[in-house]
Structure formats: structure tokens, C-alpha cells
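Since we're looking at a predicted model, the values are computed, not measured. Residues: numbered from 1 along the sequence shown.
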Amino acid sequence: KGDPQGWELVLNGGGKLSFAVHSAKPKKEMIRVTTRNSIAKPGAWVHVAATYDGSGKNEGLQLYVNGAFNDGSRQGTPLTGSTRSDSSLFIGQRPNKANHLTDGAVQDVRVYGRRISTGEVKTLAQLADLRNDTSVAFDKRNQQQKDRLTNYYLENVDPEYGKAVDKQQQLEDEQKA
């Protein structure tokens, strides 16, 4: 009913993922980012995440596929109106009952009241694997399990590692300038 307003995460024909934010008032506006390639693979689970920084610009939209940033194609003009909607949250179809999700499934939907970080997205994408890795006895873990747990620790627990990564990035940026 009426112009779309709010947020939309859609798996389009051809398996491309789109994330759009719509504003209907004071005028109809939309910003969108779409993956450049298909992300859907028959018979395979895919972790997707979308974040928005509230800027009203399409650069503020980010898509992640299996924990990795996906720099998709962007379109739309900056939003000037509200994106709040009186509609309910719909999963697997649009409010007008169109575009039903078929030949797929949705699991573990999460909505946050803030923009989550790239590291948090990566952790969420690996959560099942990390839980499995920790259930394996230390001396029975394979190299992939050890590497995943080590990287999780360094990126999420060890503050000195984060500082070192930031310093390295700063030095690389200075070198490029």
C-alpha cells in the first residue's frame, strides 16, 4: 500500500543480492547496493549481512557475503526523508505479498539497533564453525580449525594485535601518500 518506505534485502533473479533503503516522505527516494555477481549456489548455505550507517547516501550501505565485504554496484540519490515504516517486518516476501522466496530457506535473522562492524559480521558468518572448532579437543584440531580460532582470538580478544594492525595500516597509508 502506497510508496515503499523502509529497508529491503532481496535475492533477485540470477542470484544477485540487493540492499535498499526507501524514503517516501517528503518525496519518494531510494538508495541501493547490489552484488555484481550471483551469490546463490544451489544446495549451499550463504551467510549474508547488510549494514547502513544512516547517512542517507548509497555509500553508507554495505553488503557482506560469507563474512567478506562485497563492493557491489550502487544507485540512487541521497535520502532526505524518513526511512521509518509503519509496516511489519516481512521475511521471504514483500508486504504486497509479491516476490516470495522459493527454492531456498532463511535461518537466524538478526536485526541490530546499530551498525555492526566488519569484524562482527565476519564472526557471525563463522559462528557455527567457531563453535564446532572449540568442541574439538586441542590435539585433534586440524590446521584450518587452529587458524580460524587463532584469527578470531587476535581480531576480537587481543587488544595489542588490533593496535598493531591499525599502526601497520597507518604506515602503509603514509607510504602511499
Side-chain angles (χ1 to χ4, degrees), residues 1-25 28-76 79 81-135 144-145 148-149 151-153 155-157:
K1 55 186 178 186
D3 291 325
Q5 188 164 335
W7 299 32
E8 177 180 71
L9 185 61
V10 177
L11 186 61
N12 298 310
K16 291 184 178 183
L17 183 69
S18 287
F19 176 43
V21 178
H22 299 269
S23 170
K25 298 172 186 166
K28 185 177 173 182
E29 301 165 322
M30 179 269 306
I31 53 176
R32 176 187 318 268
V33 60
T34 303
T35 58
R36 297 180 193 280
N37 300 309
S38 172
I39 64 152
K41 309 277 187 275
W45 280 102
V46 178
H47 181 272
V48 299
T51 65
Y52 174 52
D53 65 5
S55 66
K57 299 175 183 175
N58 60 20
E59 294 85 7
L61 302 173
Q62 292 187 331
L63 285 174
Y64 298 85
V65 178
N66 293 326
F69 175 70
N70 185 292
D71 188 24
S73 61
R74 298 173 185 282
Q75 58 186 187
L79 304 177
S82 174
T83 61
R84 292 188 179 251
S85 174
D86 294 331
S87 294
S88 300
L89 174 65
F90 287 84
I91 299 173
Q93 71 181 22
R94 289 198 167 127
N96 63 2
K97 309 287 188 227
N99 301 85
H100 291 264
L101 176 67
T102 57
D103 299 325
V106 176
Q107 178 179 322
D108 194 18
V109 174
R110 298 175 187 217
V111 179
Y112 295 86
R114 62 178 176 81
R115 182 179 190 174
I116 61 175
S117 70
T118 299
E120 289 172 307
V121 171
K122 182 178 177 183
T123 297
L124 289 169
Q126 295 180 340
L127 201 52
D129 289 333
L130 289 166
R131 285 180 178 152
N132 181 58
D133 295 346
T134 59
S135 71
Q144 182 183 22
Q145 291 168 323
R148 190 168 31 235
L149 289 168
N151 288 336
Y152 173 80
Y153 176 81
E155 294 169 0
N156 296 281
V157 179

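For the atom pair Leu63 CG and Ser18 OG, the distance stands at 7.5 Å (nearest 0.5 Å). To the nearest 0.5 Å, atoms CD (Glu59) and CG (Asp53) are separated by 9.0 Å. One distance of note links CZ of Arg115 with CG of Leu61; it measures 8.5 Å at 0.5 Å rounding. In this structure, OH in Tyr52 is found 4.0 Å from CD1 in Ile31, a value given to the nearest 0.5 Å.
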> Yes or no on side chain to side chain donor-acceptor pair (under 3.5 Å) for Thr35 and Asn70, after CA distance, side-chain angles and deciding distance?
Replying inline: CA-CA 7 Å; Thr35 58; Asn70 185 292; 5.2 Å; no
>> side chain to side chain contact (heavy atoms under 4.5 Å, CB included), that's the test. Do Leu127 and Asp108 meet it? Break it down for me.
In response: CA-CA 11 Å; Leu127 201 52; Asp108 194 18; 5.6 Å; no
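Of all heavy-atom pairs spanning Phe19 and Gln62, the tightest one is CD2-O, 4.3 Å. Residues Leu9 and Ala50 come closest through the heavy atom pair CD1-CB, 4.0 Å. Across Ala20 and His22, no two heavy atoms sit closer than the pair CB-NE2, 3.8 Å. Across all their heavy atoms, Ile39 and Leu11 have their closest contact at CG1-CD1, 4.2 Å. Between Leu149 and Thr134 the shortest heavy-atom distance is CD2-CG2, 3.6 Å. The two residues Gly76 and Asn58 come nearest to each other via the heavy atoms O-ND2, 3.7 Å.
Here the side chain of Asn66 pairs a donor or acceptor atom with the backbone of His47 at under 3.5 angstrom. The closest donor-acceptor contact from the side chain of Ser23 to the backbone of Glu29 lies at 3.5 Å or more, if one exists at all. Looking only at distances, no side-chain donor or acceptor of Arg74 sits under 3.5 Å from a matching main-chain atom of Lys57.
Residues Tyr64 and Thr51 form a side-chain contact, since some pair of their non-hydrogen atoms from C-beta on lies under 4.5 Å apart. Looking only at side-chain heavy atoms (C-beta outward), Leu17 and Val46 stay at 4.5 Å or farther from each other.
For Ser73, the side-chain contact (heavy atoms from CB on, under 4.5 Å) partners are Thr34, Arg36, not counting sequence neighbours. Remark: Asn151 pairs with Glu155 by the side-chain contact (heavy atoms from CB on, under 4.5 Å) rule, at least two apart or across chains.
Here Glu120 pairs with Arg114 in a salt bridge; the nearest charged N to carboxylate O distance falls below 4.0 Å.
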